Undergrad: 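Pasting a structure below so you can have a look.
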There are 2 protein chains.
Amino acid sequence: MGFELTELEALDVWRRTMVAGVRRDAPDLSARQMALLLTVYLTPPPHTVRGLAELLMVSKPAVTRACDRLGELGMIRRKIDDEDRRSVLLQRTVKGSVFLREYGELIVAAAKGEAAADGSGLPGRY
Amino acid sequence: MGFELTELEALDVWRRTMVAGVRRDAPDLSARQMALLLTVYLTPPPHTVRGLAELLMVSKPAVTRACDRLGELGMIRRKIDDEDRRSVLLQRTVKGSVFLREYGELIVAAAKGEAAADGSGLPGRY
DNA sequence: TATATTTATTTCGTGACCGAAACTTTTACC
DNA sequence: GGTAAAAGTTTCGGTCACGAAATAAATATA
């Protein structure tokens with residue numbers, strides 16, 4: 001039953017983070033966009049459209065569109081691979097770093113608030 | 001610098017969970033939908049449209065739409081409040097419980113895989 | 001050099017979601 | 001009873017994202 005507790009705790013941290021993320025006015029990314037952004041920033045390069053499509057198991061146009069959006073937001077940058085000019089390398093930006101840094105702080109704060117603050121605590125039935 | 005490490009670890013758990021969530025075929029909920037669902041399930045009732053709109057700082061129509069979608073998916077149920085028939089109470093369902101249970105397992109698995117598995121490990125620069 | 005393959009993007013038609021405003025129903029107030 | 005207020009929903013116009021198919025550009029292969 002230690003597992004049970006851990007899952008509920010994990011979900012509650014997730015809840016606090018998601019609620020905080022929705023509340024702030026920052027651009028709310030879709031799950032795909034967020035997964036892509038995190039992968040580019042926390043996983044060793046190179047990152048190509050093809051590779052990300054395979055990793056996330058989505059179509060290449062979906063990756064292209066996510067990159068379009070993240071590019072508009074300045075959180076990612078495209079660079080043509082000089083060794084194979086068909087490929088596009090997705091690269092990090094300062095703005096994206098700041099965004100993820102803040103998001104990390106959001107999660108850590110949510111985890112610290114665990115079992116305190118809003119009085120929910122025990123999730124009751126179910 | 002212990003904080004730095006903690007934030008990166010948190011982001012990496014987030015990344016693993018998001019990637020796993022995108023990869024599976026399960027319905028991918030928007031951030032608002034997920035925040036709403038988690039709030040209904042992990043926070044003490046009653047939950048009304050008005051209350052959720054205030055908590056999440058979004059418009060009431062947005063909450064209505066999220067409830068429509070979650071209702072279609074069978075993850076939430078509407079019930080008219082007998083003591084004030086203007087209000088709608090959002091309630092949990094078995095299907096929603098199963099979904100969140102599985103999502104919790106996803107997070108826990110992502111946390112357990114921390115610093116192992118996919119070889120990313122050190123996030124390098126930034 | 002000519003053809004085939006690979007990578008990424010664009011196009012097309014469709015569906016989901018957004019905020020603001022209008023609307024319905026119910027309750028509160030006088 | 002009659003008017004005002006409150007809770008949700010619906011409508012409206014616009015934006016964004018989706019998958020599938022078509023396309024453009026670069027590389028590999030014959």
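Below, read A as the first sequence line, B as the second, and so on, with proteins coming before strands; counting in each chain starts at 1. Here the structure is a predicted model, which is why all the values come from computation and not from measurement.
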Undergrad: Could you check whether the side chain of B:Arg65 and the base of D:dG8 have a donor-acceptor pair of N or O atoms closer than 3.5 Å, going by distance alone?
TA: no
Undergrad: When the distance from CG of B:Asp81 to P of D:dA7 is rounded to whole Å, what number comes out?
TA: 12 Å
Undergrad: Rounded to the Å, how far apart are B:Met34 CE and C:dC17 P?
TA: 15 Å
Undergrad: Is the shortest side-chain N to carboxylate O distance from A:Arg50 to A:Glu54 below 4.0 Å?
TA: yes
Undergrad: What is the distance from CD of A:Glu54 to C1' of C:dT7, rounded to the nearest Å?
TA: 12 Å
Undergrad: At under 4.0 Å between heavy atoms, what does A:Ser59 touch on the DNA or RNA strands: base, sugar-phosphate, or nothing?
TA: sugar-phosphate
Undergrad: Do A:Leu52 and A:Lys60 have side chains that approach each other closer than 4.5 Å (heavy atoms only, starting at C-beta)?
TA: no
Undergrad: In whole Å, what is the span from the CD atom of B:Glu72 to the C1' atom of C:dC17?
TA: 12 Å
Undergrad: Angle class for the B:Trp14/A:Trp14 ring planes (parallel below 30°, perpendicular above 60°, tilted otherwise)?
TA: parallel
Undergrad: How long is the line joining CZ of B:Arg86 and P of C:dT27, in whole Å?
TA: 7 Å
Undergrad: Is B:Arg65 salt-bridged to B:Asp68, going by a charged N under 4.0 Å from an acidic O?
TA: no
Undergrad: Rounded to the nearest Å, what distance is computed from the CE atom of residue B:Met57 to the C1' atom of nucleotide C:dC18?
TA: 17 Å
Undergrad: More 5' along DNA chain C: B:Asp82 or A:Arg78, using each one's nearest nucleotide?
TA: A:Arg78
Undergrad: Using the closest heavy atom to pick a nucleotide of DNA chain D for each, name whichever of A:Glu83 or A:Val58 lands nearer the 5' end.
TA: A:Val58
Undergrad: Any base atoms under 4.0 Å from B:Asp68, or only sugar-phosphate, or nothing? Heavy atoms, all strands.
TA: nothing
Undergrad: Below the 4.0 Å mark, does C:dG19 have OP1 or OP2 next to a side-chain nitrogen or oxygen of B:Arg32?
TA: yes
Undergrad: Touch check for B:Thr64, heavy atoms < 4.0 angstrom, all strands: base, sugar-phosphate only, or nothing?
TA: base
Undergrad: When we call it a touch if two heavy atoms are under 4.0 Å apart, what does A:Gln33 touch: a base, just sugar-phosphate, or nothing?
TA: sugar-phosphate
Undergrad: So for A:Arg50 and C:dT7, does any side-chain atom that can act as donor or acceptor lie under 3.5 Å from a complementary atom in the base?
TA: no
Undergrad: Between atom CZ in B:Arg69 and atom P in D:dT10, what is the gap in whole Å?
TA: 17 Å
Undergrad: Taking any heavy-atom pair under 4.0 Å as a contact, classify A:Thr48: base, sugar-phosphate, or nothing.
TA: sugar-phosphate
Undergrad: Please report the distance, rounded to the nearest Å, between CG in A:Leu52 and P in C:dT9.
TA: 11 Å
Undergrad: Salt bridge or not between A:Arg85 and A:Asp81? Use side-chain N to carboxylate O under 4.0 Å.
TA: no
